Protein chains: 2
Amino acid sequence: MFRRLALIGTGLIGGSLALALRERGEVGEVVGYSRRLDTRLAAERLGLIDRPADSISEAVAGADIVFLATPVKAMDAVLGELATCLPDDALVTDGGSVKGAVVERARAHLSAAQLARFVPGHPIAGRERSGPEAATAELYRGHRVILTPIAENRAEDVARIEAMWQAVGARVEQLDVAHHDHVLAATSHLPHAAAFAMVSSLARLAERYEVFRYAAGGFCDFTRIASSDPVMWRDICLDNRNEILAMLDHYRAELDCLRDMLESADGEAIESYFAEAKAVRDALYPAAQADLTSRPDTRGA
Amino acid sequence: MFRRLALIGTGLIGGSLALALRERGEVGEVVGYSRRLDTRLAAERLGLIDRPADSISEAVAGADIVFLATPVKAMDAVLGELATCLPDDALVTDGGSVKGAVVERARAHLSAAQLARFVPGHPIAGRERSGPEAATAELYRGHRVILTPIAENRAEDVARIEAMWQAVGARVEQLDVAHHDHVLAATSHLPHAAAFAMVSSLARLAERYEVFRYAAGGFCDFTRIASSDPVMWRDICLDNRNEILAMLDHYRAELDCLRDMLESADGEAIESYFAEAKAVRDALYPAAQADLTSRPDTRGA
């Protein structure tokens with residue numbers, strides 16, 4: 001499929017794509033650059049890449065596909081450098097979880113010809129562990145990848161990026177950039193923010209009430225995503241701030257509705273409200289319904 | 001341990017206790033009453049009880065331990081009838097998830113002597129499935145049971161109830177009634193309300209934006225508990241209304257803080273906020289840290 005993949009960022013996201021493509025014989029050679037020397041040497045040692053490069057320009061030389069797998073906040077510098085060295089025939093795609101900010105930076109730095117060959121994407125996968133040691137060839141199997149092609153992209157280049165992701169087991173969909181950021185704010189960014197806030201909310205009570213001794217089952221599930229990487233989530237909040245604020249306001253309004261129902265002890269309204277929510281969720285995750293078992297309290301003392 | 005257990009409510013909670021005590025040889029005979037005939041016949045057929053009773057008075061006759069395992073809202077009627085027929089030497093305990101409302105009804109109906117023998121309790125267990133078919137002897141193993149003894153209880157009676165729960169594998173703790181309701185509001189009731197609200201919030205957007213197609217990982221975890229029984233949760237909200245309202249206000253204030261940080265794009269504050277929440281949660285669930293793996297999107301199409 002590709003002759004040479006240049007990985008910019010050799011952590012979980014980039015490393016897993018490289019492993020998956022290599023395992024399936026879809027790439028000839030992989031050259032990897034990461035800002036830190038130890039990261040790119042680890043990537044080489046772990047077999048994610050064939051050789052490390054000491055700069056972005058060294059990494060992309062001779063590449064026909066470039067994957068930008070750095071944190072979104074690093075994209076500005078990365079795109080700035082890429083603009084000076086991207087081979088004329090290389091396709092570029094990325095793995096950033098917010099698309100608007102990435103596309104805006106790409107438009108700022110890349111030439112028109114380069115921009116046409118940049119197909120923005122977002123693989124919705126990832127474990128809360130990170131780094132090259134966490135990479136696995138199976139990371140994307142069964143996962144969704146959202147491509148957000150821009151007007152400048154040619155259909156055949158979008159198709160090649162789609163085929164790349166499908167080759168590693170992902171299901172590819174397309175959204176426009178703004179819709180992507182809106183949808184991710186609603187289905188991922190807001191829930192993460194709300195989970196962090198729930199843990200924090202309880203922590204403020206905890207000193208006085210030892211509430212955490214009883215934080216079992218429901219709380220564990222609800223807050224699982226609050227164990228995610230705070231740096232990554234800080235960046236997502238900054239990069240998708242407007243959408244997340246809109247979703248947060250939407251959620252607060254919902255909580256206000258619920259508060260009113262509780263305040264007036266309106267049992268019928270509360271029951272309908274919960275029943276509708278249950279119906280929606282059960283329709284979303286039918287396979288998961290069988291999985292609703294209680295868990296023993298796994299905490300010690 | 002006991003000669004005859006009278007089960008009032010032969011569903012998951014009562015049925016599982018009966019099975020567990022029987023399996024361990026801790027009870028001689030179990031008589032069960034449920035409002036519906038088919039439920040108590042099912043309990044007999046499934047071996048949860050030795051024989052069904054057609055009324056509460058028939059069930060408790062000759063019993064030395066009575067377990068009230070009905071929904072909290074049924075407790076008023078149950079306690080009213082129990083007051084007319086409770087044997088003089090029978091201990092009573094319950095499984096209601098809200099204690100204040102139950103104790104208040106017990107004080108309204110039971111005589112002083114009867115009240116002294118009523119040791120309120122809350123086994124924190126349960127699957128989202130219910131009914132006698134769901135009962136299992138292992139339901140309480142490794143789970144916490146919170147007893148909320150009242151001033152009238154004798155220490156030796158509290159100890160007997162504690163021993164009963166320990167015999168079926170539970171870890172027993174004691175809290176006073178108000179503290180119990182406060183803690184459960186914070187660690188269980190609010191998270192459930194917040195999860196229902198999150199699903200509902202997204203559902204309002206869904207018609208316009210097909211957001212649900214992308215509702216994977218984080219949303220799935222956050223909203224798992226929104227697949228819980230809406231009737232049970234309606235009753236919990238009504239019975240623990242004041243505490244839940246207080247927690248809801250506390251949570252909304254927390255979301256307001258977060259909103260302010262986002263509004264002002266304060267990256268440092270956001271990162272600290274998330275990092276503190278992560279540290280708290282990781283300390284709560286150390287075993288769960290290894291479990292943070294991504295899930296393939298299990299939804300069809």
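Lettering of chains follows the sequences in order, A, B, ..., and the numbering in each one begins at 1. Side chains are part of it too, since the values below use all heavy atoms of this structure and drop only hydrogens, waters and symmetry mates. Every value quoted in this text rests on a predicted model; they were computed, and no experiment measured them.
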J.: Given that the side chain runs from C-beta out, which part of B:E276 has a heavy atom under 4.5 Å from chain A: side chain, backbone, both or neither?
T.: neither
J.: Does any backbone or side-chain atom of B:T223 lie under 4.5 Å from a heavy atom of chain A? Answer side chain, backbone, both or neither.
T.: both
J.: How long is the span from the SG atom in A:C237 to the CG atom in B:L258, to the nearest 0.5 Å?
T.: 6.5 Å
J.: Please identify, among B:A275, B:P191, B:A195, the residue contributing the most non-hydrogen atom pairs under 4.5 Å to chain A.
T.: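 Heavy-atom pair counts peak at B:P191.
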J.: Check whether A:I146 gets within reach of chain B through its side chain, its backbone, both or neither, counting any heavy atom under 4.5 Å.
T.: side chain
J.: Identify the two heavy atoms, one from B:F219 and one from A:T187, that lie closest to each other, and give their separation to 0.1 Å.
T.: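 Of all heavy-atom pairs spanning B:F219 and A:T187, the closest is CB-O, 3.2 Å.
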J.: Quick check on A:E263 against chain B: is it the side chain, the backbone, both or neither that has a heavy atom closer than 4.5 Å?
T.: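 Looking at A:E263, backbone and side chain both touch chain B.
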J.: Suppose we screen for side chain to side chain contact (heavy atoms under 4.5 Å, CB included). Which residues come up paired with A:S201, at least two apart in sequence or across chains?
T.: B:H250, B:Y251, B:E254
J.: Applying side chain to side chain contact (heavy atoms under 4.5 Å, CB included), can you list everything that pairs with B:A185, at least two apart in sequence or on another chain?
T.: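 Residues passing side chain to side chain contact (heavy atoms under 4.5 Å, CB included) with B:A185: B:H189, B:N240, B:E243, B:I244, B:M247.
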J.: If every non-hydrogen atom of A:Y273 is compared with every non-hydrogen atom of B:R204, which pair is closest and at what distance?
T.: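 Residues A:Y273 and B:R204, closest heavy atoms: CE1-NH2, 4.0 Å.
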J.: In Å, rounded to the nearest 0.5 Å, how long is the span from CG of B:L202 to CG of A:L284?
T.: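 It comes to 8.0 Å.
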J.: How far apart are the closest heavy atoms of B:K278 and A:S228, and which atoms are they?
T.: CD-O, 3.4 Å
J.: Quick check: closest heavy atoms across B:R259 and A:L245, and the distance to 0.1 Å?
T.: CG-CD2, 3.7 Å
J.: Please look at B:R241 and chain A and tell me whether the side chain, the backbone, both or neither of the residue comes under 4.5 angstrom of a heavy atom of that chain.
T.: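 When you check distances to chain A, only side chain atoms of B:R241 fall under 4.5 Å.
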J.: Take A:R281 and B:R224 through the side chain to side chain contact (heavy atoms under 4.5 Å, CB included) test and state the conclusion after the steps.
T.: CA-CA 8 Å; A:R281 195 187 180 275; B:R224 177 166 289 113; 3.8 Å; yes
J.: Top residue by heavy-atom pair count (under 4.5 Å) with chain B, among A:A253, A:A279, A:G267?
T.: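 The residue among A:A253, A:A279, A:G267 with the greatest pair count is A:G267.
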J.: Heavy-atom distances under 4.5 Å only: say whether A:A194 touches chain B with side chain, backbone, both or neither.
T.: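 Both parts, backbone and side chain.
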J.: Only one of A:I270, A:L262, A:D266 clears side chain to side chain contact (heavy atoms under 4.5 Å, CB included) with B:L238; which?
T.: A:I270
J.: Considering only heavy atoms, which portion of B:D249 lies under 4.5 Å from any heavy atom of chain A: side chain, backbone, both, or neither?
T.: side chain
J.: Can you tell me which of B:S188, B:A269, B:A197, B:A277 forms the most heavy-atom pairs within a distance under 4.5 Å of chain A?
T.: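 That would be B:A197.
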